[in-house]
There are 2 protein chains.
Amino acid sequence: MDDRGEDRLAAVLRPVRSGNTFEEAVQRILQLVRLGLVPDGGRLPAERELAERLQVSRVTLREALRVLQDQGLLETRRGRYGGTFVRYRPGALVGTGTQAGGEELRRRAELMGDRLEDTLLFREVLEVGAAELCAAHRPAGAAARRLRECLAATGSAQLGEYRRMDTRLHLAVAELCGSPSVAAQYAAVRASVNELLDCIPLLPPNLLHSEEQHTALVAALLDGDRERARTVMREHVAGTAALLRGFLS
Amino acid sequence: MDDRGEDRLAAVLRPVRSGNTFEEAVQRILQLVRLGLVPDGGRLPAERELAERLQVSRVTLREALRVLQDQGLLETRRGRYGGTFVRYRPGALVGTGTQAGGEELRRRAELMGDRLEDTLLFREVLEVGAAELCAAHRPAGAAARRLRECLAATGSAQLGEYRRMDTRLHLAVAELCGSPSVAAQYAAVRASVNELLDCIPLLPPNLLHSEEQHTALVAALLDGDRERARTVMREHVAGTAALLRGFLS
DNA sequence: ATCCAATGGTACAAGGCCATACCTTTGGAC
DNA sequence: GTCCAAAGGTATGGCCTTGTACCATTGGAT
């Protein structure tokens, strides 16, 4: 051994399970909601399909759904054309000054503790890396269409739908970079970030700036300009990180 | 829903478990070995400590150790100052042309299938991102010492120890970037890469080139030069990826 | 020579998770 | 109005995992 004190094995010797199977299932369903992949009022895949895809027994999956029902986040209807429906309106941005949102934000940030900094750094690595890789692939055809469609959707989104559309665009970049692992990790990390972002109001000046960056990003991606894609994404990410840190101090 | 055919939920709706608990424990122990964090002849932490850190029952952990013992990768001795010891000599580089190694490499690459490309891309994102973040932190004090020490160790390593020291340097960068998640993901992905690299011979010209890049990398990191750190790391990673792809075609 | 602490080895009962099968509800198709 | 397919709701038996306690072995300390 050549360790002296500091633990060089920490990166490997960490828990193999982050909780019960059903707790992890809860987290995954929460990701679907926080990422807006299933919008308010939308229907989740059927229990049998969800269980199959998460590789969890239906019994366990139902335990997870039960928790989220009890929190009022999901509603179920029986019978054909029934299913599990999302009831989720972030809407912390209406009728609140920066006070109320700030309270909740601090509460949630407190809960994340040390993982907050980790999350923001990890996000930067994934997102900037994905942008560069995506540009390197020079998206064309269906990929290019998807990027353009996502960009247009952010531009014409209602205020209440902006975060959802923003998430959709970023997730598209992560998926188009060619590495499923990057996409999966980004989905998880972005769900955490959204949990915080949902607490702070969306101000028009920020939104405009964000849209300029989105436009520049997609242009760089379609041009296959790696350096520019990376630079634009880095600034964009730094912007939201600064926004969060600002509200937290 | 606005999905049309393609599955936008795939990044979230993936298995919550990649296998049995004991299989995942096996993978973690294998990581320790493949990363060279516990060298040949070295002793693993005691069963009780391993179980604690992996958050796995000792029974399950012992199942995992048993598998690796049966493969001859681990040996156990009872009694005080006993323990579980690593018996692992990559050494595919002695007495083989590129033939034998190429066989085994292709076999292992086949086994990884689609995950190979994913692994190489994910590695690039993590490694390049970690380098940039690490430089942004301008490592000083203990961090700077650790980088210099790791660099010196690669420079003076025996041929049989070079890959281990190389891994140690890269892992140090990932850890010093400030995000435990990045370090953890990198450890996993690098263990996979090492499984392949162990099949191909280490040629002096490649080694020299690699060492030049290591030196430049550490210099950039200590200078706090983000762009340079990123560029050097990108070329370095592209080098080993090209090496692998070359042996595979 | 004895003791002891650290390590691997073993046994058992409780709880978690799963596969499977079946029941109940619902609304459209006919 | 009847039927049926698709969805949620329920029950059972078995394997996996855990927590806990205890046994066996070893080599240094005394």
Original post:
Where each residue is assigned the nucleotide of DNA chain C containing its nearest heavy atom, which of Gly79(A) and Arg48(A) is assigned the position nearer the 5′ end?
Top reply: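 First, find each residue's nearest nucleotide; the 5'-ward one identifies Arg48(A).
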
Subject >> First of Val59(B) and Arg78(B) reached from the 5' end of DNA chain C, by closest nucleotide >> reply: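 Counting from the 5' end, the first nearest nucleotide belongs to Arg78(B).
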
Whole angstrom is fine here: how far is it from [atom1] in [X] over to [atom2] in [N]?
{"X": "Arg58(B)", "N": "dT10(C)", "atom1": "CZ", "atom2": "C1'", "value": "9 Å"}
{"X": "Arg17(A)", "N": "dC16(D)", "atom1": "CZ", "atom2": "C1'", "value": "11 Å"}
{"X": "Glu63(B)", "N": "dG9(C)", "atom1": "CD", "atom2": "C1'", "value": "14 Å"}
{"X": "Glu49(A)", "N": "dA7(D)", "atom1": "CD", "atom2": "C1'", "value": "12 Å"}

Subject >> Geometric class of the Tyr186(A)/His170(A) ring pair [parallel <30°, tilted 30-60°, perpendicular >60°] >> reply: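 Ring orientation of His170(A) relative to Tyr186(A): parallel.
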
Original post:
How about Arg87(A): does its CZ atom have over 12 heavy atoms from other parts shown lying under 6.0 Å from it?
Top reply: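 Correct, the count exceeds 12.
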
Original post:
Taking only N and O in the side chain of Arg80(A), is any of them less than 4.0 Å away from OP1 or OP2 of dC4(D)?
Top reply: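 Checking Arg80(A) against dC4(D): no side-chain N or O falls below 4.0 Å of OP1 or OP2.
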
Original post:
Is any N or O donor-acceptor pair between the side chain of Arg77(B) and the base of dG27(D) shorter than 3.5 Å?
Top reply: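 No, the side chain and the base share no sub-3.5 Å donor-acceptor pair.
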
Subject >> Full working for side-chain hydrogen bond (donor to acceptor under 3.5 Å, both in side chains) between Ser181(B) and Asp118(A) >> reply: CA-CA 7 Å; Ser181(B) 294; Asp118(A) 179 29; 2.6 Å; yes

Subject >> Upstream residue (5' side of DNA chain D) when Arg62(A) and Ser57(B) are each assigned their closest nucleotide >> reply: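 That would be Arg62(A).
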
Original post:
Out of Val67(A), Val56(A), Leu61(A), which one pairs with Phe22(A) under the side chain to side chain contact (heavy atoms under 4.5 Å, CB included) rule?
Top reply: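 The single option meeting the side chain to side chain contact (heavy atoms under 4.5 Å, CB included) with Phe22(A) is Val67(A).
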
